[in-house]
Amino acid sequence: VFVYAHMENWSYLDSTYYVFTTMTTIGFGDFVPLHSDQWDLPPVKWYHFWHIVIMVIGLSLISMLINVMTRSVGKVSEHGDEG
C-alpha cells in the first residue's frame, strides 16, 4: 500500500483499494499502476517485479483461504452426519 501511495501519488485509501482488488484478482481496471504522467523514462524494473510479487502473494492467499474453507466445511459436514 505504501509503495503504491508513494510511487503513483495515490491516497492510502486508493492504494489499499488497488491492492485488495489486485490480490483478490477482481481487477476492475479503474486504477492502473504506471499510468501516471510522471514517468518520462522507462519505468523502474524493480517496480514491475513488485507488481508480480504482489499478484503471486494475492493468489497464494486466496488459494489458502479456499483450502481452509473447504476443509472447515468438510469437518462440519462430517460432524453433522454423526448426530
Side-chain angles (χ1 to χ4, degrees):
V1 172
F2 299 110
V3 171
Y4 291 111
H6 174 71
M7 294 294 289
E8 299 292 335
N9 293 324
W10 292 341
S11 70
Y12 289 112
L13 182 62
D14 289 343
S15 298
T16 303
Y17 169 76
Y18 172 77
V19 169
F20 176 77
T21 57
T22 300
M23 289 182 73
T24 55
T25 66
I26 297 171
F28 295 118
D30 46 354
F31 286 95
V32 179
L34 299 175
H35 201 260
S36 172
D37 293 335
Q38 71 184 13
W39 298 103
D40 294 332
L41 300 172
V44 185
K45 291 186 182 195
W46 70 266
Y47 197 48
H48 288 291
F49 181 72
W50 173 258
H51 295 303
I52 294 169
V53 168
I54 288 296
M55 287 183 232
V56 168
I57 290 172
L59 289 172
S60 300
L61 290 175
I62 295 297
S63 175
M64 288 189 314
L65 178 66
I66 291 171
N67 188 21
V68 167
M69 290 172 53
T70 303
R71 289 180 182 210
S72 297
V73 168
K75 288 180 181 179
V76 168
S77 66
E78 288 175 6
H79 291 296
D81 292 340
E82 294 174 1

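The shown structure was predicted, so the numbers you read here are calculated from the model rather than taken from an experiment.
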Checklist entry - Does Ser11 have any side chain to side chain donor-acceptor pair (under 3.5 Å) partners at least two apart in sequence or in another chain, and if so, which? => result Asp14

Checklist outcome for this item: Taken in chain and number order and not counting sequence neighbours, the residues that satisfy side chain to side chain donor-acceptor pair (under 3.5 Å) with Tyr17 are Asp30

Item to check | Crowding at CH2, Trp50 (>12 non-hydrogen neighbours, <6.0 Å) | outcome: no

Checklist outcome for this item: dist Tyr18:OH -> Glu8:CD (nearest 0.5 Å) comes out at 8.0 Å

Item to check | Verify same cluster id: Leu13, Phe31 (apolar side-chain graph, 4.5 Å) | outcome: no

Item to check | Worked verdict on Val68 versus Ser72 for side-chain contact (heavy atoms from CB on, under 4.5 Å) | outcome: CA-CA 6 Å; Val68 167; Ser72 297; 4.2 Å; yes

Next on the checklist: Are Phe49 and Phe2 connected into the same hydrophobic cluster when the rule is that any two of I, L, V, M, F, W, Y join if their side-chain heavy atoms are below 4.5 Å apart?
Outcome noted: yes

Donor-acceptor pairs under 3.5 angstrom involving side-chain atoms of residues 51-61: please list them, not counting sequence neighbours.
residue: His51; atom: ND1; partner: Tyr4; partner atom: OH; Å: 3.0
residue: Ser60; atom: OG; partner: Val56; partner atom: O; Å: 2.9

Checklist entry - So how far is it from Leu65 CG to Met69 CE, rounded to the nearest 0.5 Å? => result 5.5 Å

Checklist entry - Between Tyr12 and Val1, which heavy-atom pair has the shortest distance, and what is it? => result O-CG1, 3.9 Å

